Structure formats: structure tokens, C-alpha cells
Student: 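My structure is below; once you've seen it, I'll send some questions.
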Amino acid sequence: MDVYLANPRGFCAGVDLAVDIVELAIQRYGAPVYVKHQIVHNPKVVADVESMGAITVENVDEVPEGSVVVFSAHGSPPSDYQIARERDLTVLDATCPLVTRVHNEAKKYSREGKKIVLVGHVGHQEVIGTTGQTEMELVDERREWSLPDWGEDVEVAVLTQTTLSIRDTAAAVEKIKKLHPNAIVRNDICYATTNRQAAAIELAEMTELVLVIGAQNSSNCNQLKAVAINKGVPAHLIIGPEELDRSWLKGITKVGITSGASTPEKQVRAVIEAIAPENVYRVGAGEENMTFTIPRGLRDLIGDGARRSKDEPNPDDDS
Ligand code: SF4
């Protein structure tokens, strides 16, 4: 049996940055450092940072007063920053800059008096953060949806969650454009999601089975699985070799493997070792050279001298 390994796969620049921020925070402030929501949607990464001294909570009001809290890569609504101020927390904001850009777009269009439609998944942490920025309508393309009757003259701007299926999002945007032909449409699906889905399509075209390594609550992992299934190839999302069902491999000679933006490479390697293929071939466009540096305000906070949460937490620039 041969393994075909998607390239690129795994950790994106935003996840790298978020995990770095938690590690640096623990070094700077000592344990415990609280993390609001899973730092990334991967239980093994969460367990790793917790073993270093992080404590994951779902709500800011669970963080003891005066503590240090890291806000996850998915982004947070302004109400979370407000609660942090009230509790005198030191906030280290690990929101991915590409998510912050969507927040800034939403605020800009709102200031311009446009109606905003967000294509995204109900209940996803990123969507909770984005819908908190200003008033907007949410379109979840997996469900029945409708928009209010805004009339023809209203200006509409369409934003998207960063980790959606390119195919399904395009279909939803097409429907919105039928209702509002002049709508401004931003493509907010990020480079990491786009590149991983393109590589997964290639993978599905040359293999008989696709294994996506990652967590069940990872949006971009689920989209990779959907990409393979849409290509007519059976696909499974597993966290590691412990979830590998050997019966899937019966009669298969070519297995495709990929992983989402929240999956560390060691989880992929563990699955390949469990399969023990004769050959491993790489498939896809290749390496990414994207990195995000820690914003200056955050460097100050982690480095010399604490800036308290009453300072502006979420700079309103297009970083
Ligand atoms: S998947 Fe995209 S938006 Fe999300 S953290 Fe990674 S780079 Fe940022």
C-alpha cells in the first residue's frame, strides 16, 4: 500500500502564532495562564498547552479576577473584552490576523451604512466573534435560510467565515447575489483553508480512500473530508492511529492523507507509522511561506512590562 500525502497540510500561520502566544505567556507570567475557548480546535494541542500550565475555560467570567487570559485564534466578540476589563484581566489576544481583518471589514461596512451578511456556521467560535462586532445576518449554507426584505436600494456586503468549504460558500454567495445583485462580496476564506482544500481535491483524484487527521470540532478538517467525499472518495476524519479502523484499508492500494490547520504534524506521522506504507508520495502545490509575527502591543505585554486589559485589545487596523 502507498500513502499520498497532501502538501500543504497541517498547522497554519494563525495556529502557530496562537500556540506561541500561550507558551510565551506561561514563560512570562508563570502558570496558570487561562485560555478562553480551546486555543485551537484540537484536543491534543489543548492537552499539550495545558500540560505546560494553561487552563482552558469556555467563558471569560470563569477566569479568576486579576488573572492572565489568552483569547483563542478564532476571535472573540467585544463583550468578552468588556468582561475582561470588569474582571481586571490581562488579555493576550491570539486572534488570527485574518479573522481580525473580517472583524474590521464588518465594522467598516457597518459604519458605511451597509447591511452585512456573514456566511458561516451557527455556533462556531469564529462566527460568535464576528457576529458580535456589529449587526449582521448569518447565512449557514448547511441549513434553510432567508434574508430580511431589505428592499432593492439597500447596499449589502457579504463576508465569510475563514474556514468554510470553497464550493459550498460559492453556492451560498450565488444565491445571495440573486437577491442582491450589487452586493459587495469579500472572499474571506483564508489562504490555509484554500490551499488545503486544493491539495485535498488533488489527493482525492488519485487515491481510493482519504484520511483527514484532526479533531471532529475542527471546521477546516470537516471541510477537507467533505472535499474528498464530494469527489466520490470515501473519507474519514480521525484524531490519530487510535481511531484508524483497519477494515477501511481492506483492498485499498492508495491512501490519501491530509490534515487541517489545527493538526500538528506528529499526529499525521503517527497515522502513517500505523499504516506502514511501502511508499509515501507528496501531492499538491507545495510549501507555504506565510508567518504572522506577534503584534507589537502583545510583544510588549509578553515581554517587558504588562499592559492591562483596559488598553485597546483589538486594534482596528487591517493587519
Ligand atoms: S485557518 Fe486561516 S483564519 Fe484560521 S487561524 Fe489558520 S490562517 Fe488564520
Side-chain angles (χ1 to χ4, degrees), residues 6-23 35-46 48-49 56 70-77 92-106 118-121 123-133 159-166 168-169 186-200 212-227 237 258-265 267-268 284-285 287-295 298 314-315 317-319:
N7 199 29
R9 64 183 176 280
F11 266 19
C12 61
V15 164
D16 262 338
L17 177 68
V19 173
D20 280 355
I21 288 172
V22 176
E23 290 177 6
V35 180
K36 197 238 10 170
H37 195 68
Q38 296 184 343
I39 187 67
V40 296
H41 285 156
N42 187 298
K44 294 196 177 191
V45 176
V46 171
D48 280 351
V49 296
T56 305
V70 178
F71 282 0
S72 76
H74 313 93
S76 301
L92 306 176
D93 190 353
T95 303
C96 175
L98 302 183
V99 174
T100 301
R101 190 167 69 187
V102 182
H103 294 180
N104 291 336
E105 285 168 359
L118 175 70
V119 182
H121 290 171
H124 189 277
Q125 193 64 24
E126 182 183 325
V127 167
I128 293 168
T130 303
T131 52
Q133 302 302 317
L159 309 177
T160 64
Q161 186 181 331
T162 58
T163 52
L164 295 183
S165 152
I166 292 165
D168 296 347
T169 304
R186 299 289 309 209
N187 178 11
D188 299 307
I189 295 177
C190 76
Y191 80 96
T193 302
T194 304
N195 293 349
R196 279 152 192 68
Q197 287 182 24
V212 181
I213 317 304
Q216 295 296 334
N217 65 338
S218 161
S219 173
N220 63 77
C221 286
N222 278 292
Q223 303 309 340
L224 293 174
K225 178 180 157 189
V227 159
L237 172 56
T258 186
S259 58
S262 47
T263 309
E265 187 60 11
Q267 287 175 235
V268 175
E287 303 300 329
E288 290 165 335
N289 294 314
M290 182 75 81
T291 52
F292 298 139
T293 53
I294 295 178
L298 205 48
N314 205 355
D317 62 2
D318 264 15
S319 51

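All values derive from a computational prediction rather than experimental measurement. One-based numbering, in listed order, for ligands and for the atoms of each.
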Student: Near C96, which atoms of ligand 1 are under 4.0 Å from a heavy atom of that residue?
Tutor: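 Per the distance check, 3 (S), 5 (S), 7 (S), 8 (Fe).
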
Student: Would you say S259 and Q267 are linked by a side-chain donor-acceptor pair, where the criterion is simply a distance under 3.5 Å?
Tutor: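 No.
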
Student: As an exercise, identify every atom of ligand 1 less than 4.0 angstrom from a heavy atom of C190.
Tutor: 1 (S), 2 (Fe), 3 (S), 7 (S)

Student: How close does the nearest protein non-hydrogen atom get to atom 6 (Fe) of ligand 1, and which residue and atom is it?
Tutor: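 For atom 6 (Fe) of ligand 1, the nearest protein heavy atom is C12 SG, 2.2 Å.
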
Student: Got a second to check how far Q125's CD is from T130's OG1, nearest 0.5 Å?
Tutor: 10.0 Å

Student: Using 0.5 Å steps for rounding, measure from the CG atom of L224 to the CD1 atom of I213.
Tutor: 10.5 Å

Student: Look at atom 3 (S) of ligand 1 and say which protein heavy atom is nearest, naming residue and atom and giving the distance to 0.1 Å.
Tutor: T162 OG1, 3.3 Å

Student: Please list, in number order, the atoms of ligand 1 under 4.0 Å from a heavy atom of Y191.
Tutor: 7 (S)

Student: Can you tell me how far CD1 of I21 sits from CG of L92, rounded to the nearest 0.5 angstrom?
Tutor: 7.5 Å

Student: From Q223 CD over to S218 OG, what is the distance, rounded to the nearest 0.5 angstrom?
Tutor: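 Answer for the CD-OG pair, Q223 versus S218, is 9.0 Å.
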
